[in-house]
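Have a look at the structure below before the remarks.
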Protein chains: 2
Amino acid sequence: MKINNKPYRAIWLKADEQRIVQIIDQRFLPHKLDIFDLKTLADSVFAIREMQVRGAPLIGATAAYGIYLALLEASQNIDLEEYIQQAAAQLMATRPTAVNLQWALERQLKAVATAATLAEKTAIALQTAQDICEEDVEICRKIGAYGLPLIEAISERKKGEAVHILTHCNAGWIATVDWGTATSPIYQAYNKGIDVHVWVDETRPRNQGARLTAWELGEHGVPHTVIVDNVGGHLMQHGMVDLCIVGTDRTTYTGDVANKIGTYLKALAAKDNDIPFYVALPSTTIDWKMCDGLAEIPIEERRAEEVTHLQGLHENELKKVLLTPPNSPAANYSFDVTPARLVTALITERGVCAASEEGIKGLFPEKTRQEI
Amino acid sequence: MKINNKPYRAIWLKADEQRIVQIIDQRFLPHKLDIFDLKTLADSVFAIREMQVRGAPLIGATAAYGIYLALLEASQNIDLEEYIQQAAAQLMATRPTAVNLQWALERQLKAVATAATLAEKTAIALQTAQDICEEDVEICRKIGAYGLPLIEAISERKKGEAVHILTHCNAGWIATVDWGTATSPIYQAYNKGIDVHVWVDETRPRNQGARLTAWELGEHGVPHTVIVDNVGGHLMQHGMVDLCIVGTDRTTYTGDVANKIGTYLKALAAKDNDIPFYVALPSTTIDWKMCDGLAEIPIEERRAEEVTHLQGLHENELKKVLLTPPNSPAANYSFDVTPARLVTALITERGVCAASEEGIKGLFPEKTRQEI
C-alpha cells in the first residue's frame, strides 16, 4: 500500500544488494518512518523479538528471511544442519504465540534440506522467503476480495451511508507483506468507492491501533477515528458499529481465535448487541493440532514496562513516560482467546466460513486434524 | 486513609483559615502530591471540570463547598437568590453524568434558602458542605462493612488463599471523602488481615486506575497489580479473578449502572465466566427519575486530546506525549452503561441488594420513583 503516495511493502530485499533485507521499523511509527536493514540472523531475531516487525504473516516472512541471512553468515566448515537448526530455534523462541512463525520456519527448513551445499541452500532460502512474501500478498488480496461483499451488503442495506467497522490492534498491511488481513476488505471497499469509517481501538499496551492502524489508514485516505479500548462496547450499544473485523495470531481447527489481548471483550460486546464479528486470516494461522484454544494456546507474557511506560512524541522527540506509581507491579498478557461461539465467521483466502471444525474443513478439505 | 503514613481526606477546610478549602490535585498523581487551595467559585468550577477532583461523591462535596466559596465572594448589594442560582448553574454544568453533583447542589440550595442574610447563608453553606463530607465518610464506611462479608466468604471458600478482585477506574477513597466505594470493602478486608490482591484496570484514557487506584492501594499497603483494560477478560477466563467490584456515577432505580467507559465490557466478561460483578454505591448516585440507563443517561464526551496525548513522568518531569498520527481524529466517550442484568448485586450503605427496582426498593422503601 502507499505511504506518502509511494508504494511500499512491509519487508523487501534491498535494491541492488541482495544480502540485505529491509523492513519498516514499526517501533517508531507513526512519528518516524525508519527503514531498517537486516543483515544477520541476530538482526532478524531482534526485529521479531523487539517488535520492529509484528503481525503473524510478517513475522513468518521475517523468520524465513532470517534463515537466508543466517546462511549468508555461515562459514564453510561447520555442521550446516545443526547450524540451521540452531538458527531456526533462535527465531522460533522470539514469539511463542504466532503459529505462522513455526509454519514459515518449517517450510524454509524443508526447502533448504533439499539442497546439499551452502551456496545452494542459500539460494533456495532466498527463493523460499520471496515465495512466502509473494504468496502472502496474494492470500491477503483474496481475503479482501472475500470480505468485500460483507461490507458491500451493509452499505446497500444502509443505502450508501457510511459503514462503521471496528477493528482491534493492527491486522493491517504492515502486519503482513501487503493489504493486511482485517484491513484488506476495508481497503478494497474504500478503493471501490464504498463509504467506510473505521473505529480504531488504541490497543494498549503497545498501541498498535493508535500508532499503526490509524497511521496506515490515514496514509491511504480511509476515514477513521481512534478510540481507547474501553469504548467499543458503548459504541455497539448505541448502533454506532455495523461490523467488527479483527485478525488472529493462531486459530484452532475448531475456530477458537487467539488475537491481541482485548479481542475477547469486543467479541462479547458484539454478541451482546447482535453485531457481526469477523476474523480475517490466512489459513497458515490455523493450528491443525489444537482443538481447545483456551486450554491449549500458549499466551505470551511480556515485560511489565510495556504497561508502566508509554512512548510518544514530545516536542518532536520520542520520549518514554512513566504512567504508574514506581512501586506498583504490572502484568502484561499479550493475547487472549475468543471462543468460536463468539465469532460470526472466518474470512480466509478461500472464502468465508463458519468458525467451526465443519466450516473450516469445508474450505480446507485436504487438511486433516493432527492428533498430538 | 493514609498517604505516606499520614492520615488524609480528599477534601477539607484549611486549618486556621476557614475561607480556604483544600484538595489533592489529582491530575498530578501518582507522580506528585500537590495540595491545592480552593478560594473562589471559579476555583471550584475549575477543580471539577478539569478533574483536579473526580469521583461522584467528591464532586458532590466540592460543589457544596463551591456554593460556600461563592457566598464568601458575594457582595452585599446583589440579588442573592439569582447569584446563588447562577453559581449552582456553573457548578452543575461542569460534569453532566454525575448525579451526586445535582444531589449535593440541590441539598445545598435548599439549606441556604432557609436563611435570609448573606452571613447566615454563608454559615449554613459551610455547615451543609461539612455535613455532606461527614455523611459521605460514614456512608462509605458502611458500604465497606456490607461488602466485607462477600470477600470473607470467598476467602473462606479458598481456605485463606488470596482473593483476587478486579476493579475499574478509581472508586477509591480519593474519589470520595474517605474509604471509597468500591475500595471500601477491600480496605476493610485488608485491615482485617484477609489476603486480598487487586487487579487494577489502567482505565484509559485518563488512567485513573494506573495513576490513582494503584497509588492509593500502594500507599495503604494493599497488594495489587496494574493491567491494561484489555486484560480482564483473559484473567476471568483463566480463573484469576474471584470477583469484580466497581463504582458508579449514576444508577437508575432499575439497577442500570453508568460508570467509567469500559465497565460494560468487564461486566460482560464476568457474566460469561460466572464471576460475581458487584457495584458499590452511595444511594445518592441512584437517579429516581431514570428507568432505562442506556436510553436516558447522558454520556459525557470529552476532549479528543485525552485520547491522543498521555501525561507521565520523564526524567522527573511531567511530560505529555502524543500517541497518535497528527491527522487522525479521536473520540472520547467517558462513561458507558452496564445493564442491570449483568450486575450480580449492588452494595449500598444500607446493605447488599439485587440490581433491580425490587431490590433497590427493598433497601430504600421511603424512596419513590419520580415520574418525569
Side-chain angles (χ1 to χ4, degrees), chain A residues 30-31 199-200 202-205 207 210-211 214-215 217-218 224-235 237-238 260-266 268-269 271-272 294 299 304 307-314 318-333 335-337, chain B residues 30-31 199-200 202-205 207 210-211 214-215 217-219 224-235 237-238 260-266 268-269 272 294 299 304 307-314 318-333 335-337:
Chain A
H31 309 297
W199 295 109
V200 178
E202 173 182 50
T203 320
R204 283 280 289 146
N207 285 28
R211 293 193 300 113
W215 175 78
L217 290 174
H224 64 281
T225 304
V226 177
I227 48 174
V228 298
D229 302 308
N230 286 321
V231 168
H234 170 76
L235 296 177
Q237 285 178 314
H238 288 84
K260 185 57 54 193
I261 191 80
T263 301
Y264 166 57
L265 295 170
K266 295 301 144 61
L268 284 170
K271 188 76 165 185
D272 199 45
L294 262 176
I299 300 297
V307 176
T308 59
H309 292 69
L310 194 52
Q311 183 175 263
L313 204 66
H314 178 82
L318 280 173
K319 291 226 180 334
K320 196 173 269 188
V321 296
L322 170 68
L323 306 175
T324 52
N327 297 323
S328 287
N332 186 9
Y333 299 91
F335 299 89
D336 63 19
V337 172
Chain B
H31 310 297
W199 294 109
V200 178
E202 173 182 50
T203 320
R204 284 279 289 147
N207 285 28
R211 293 193 300 111
W215 174 79
L217 290 173
E219 291 286 332
H224 64 282
T225 305
V226 178
I227 48 175
V228 299
D229 302 307
N230 286 321
V231 169
H234 170 76
L235 297 177
Q237 285 178 313
H238 288 84
K260 184 59 53 193
I261 191 81
T263 301
Y264 166 57
L265 294 171
K266 295 301 144 58
L268 283 170
D272 199 45
L294 264 176
I299 300 297
V307 176
T308 58
H309 292 70
L310 194 53
Q311 183 175 264
L313 203 65
H314 178 82
L318 280 173
K319 292 224 181 330
K320 196 174 269 188
V321 296
L322 170 68
L323 305 175
T324 51
N327 297 322
S328 287
N332 187 8
Y333 299 90
F335 300 88
D336 62 21
V337 172

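Letters A, B, ... are given to chains in the order of the sequence lines, protein chains preceding strands, and every chain is numbered from 1.
Chain A forms the most heavy-atom pairs under 4.5 Å with one residue out of B/Q237, B/E202, B/R211, and that residue is B/Q237. Most heavy-atom pairs under 4.5 Å with chain A, from the set B/H309, B/H314, B/K266: that is B/H314. Here B/P325 is the residue among B/P325, B/G262, B/A214 with the most heavy-atom pairs under 4.5 Å with chain A. Highest contact tally toward chain B, considering only A/T308, A/L235, A/T263, A/T225, is held by A/T225 [criterion: heavy-atom pairs under 4.5 Å]. Across A/D272, A/D336, A/N327, A/I227, the residue that shares the most heavy-atom pairs under 4.5 angstrom with chain B is A/D272.
A distance-only check finds a donor-acceptor pair linking the side chain of B/D229 to the backbone of B/T203 [under 3.5 Å]. When atom types are taken as modelled, the side chain of B/N230 and the backbone of A/R204 share a donor-acceptor pair closer than 3.5 angstrom. Here the side chain of B/H234 pairs no donor or acceptor atom with the backbone of A/Y264 at under 3.5 angstrom.
No part of B/L217 comes within reach of chain A, as not one of its non-hydrogen atoms sits under 4.5 angstrom from that chain. Proximity to chain B (any heavy atom under 4.5 Å) is restricted, for A/H31, to the side chain, taken from C-beta onward. Residue contact with chain A, scored on non-hydrogen atoms closer than 4.5 Å, involves the backbone and the side chain of B/K319 alike. For A/P30, the part sitting under 4.5 Å from any heavy atom of chain B is the side chain, from C-beta outward, and nothing else.
Of all heavy-atom pairs between A/A210 and A/V226, the closest is CB-CG1, 4.0 Å.
Counting heavy atoms from C-beta on, the side chains of B/I299 and B/V337 come closer than 4.5 Å.
For the atom pair CG (B/L322) and OG (B/S328), the distance works out to 9.5 Å, reported to the nearest 0.5 Å.
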Step by step, work out the side chain to side chain contact (heavy atoms under 4.5 Å, CB included) result for B/H224 and B/W199.
CA-CA 6 Å; B/H224 64 282; B/W199 294 109; over 6 Å; no
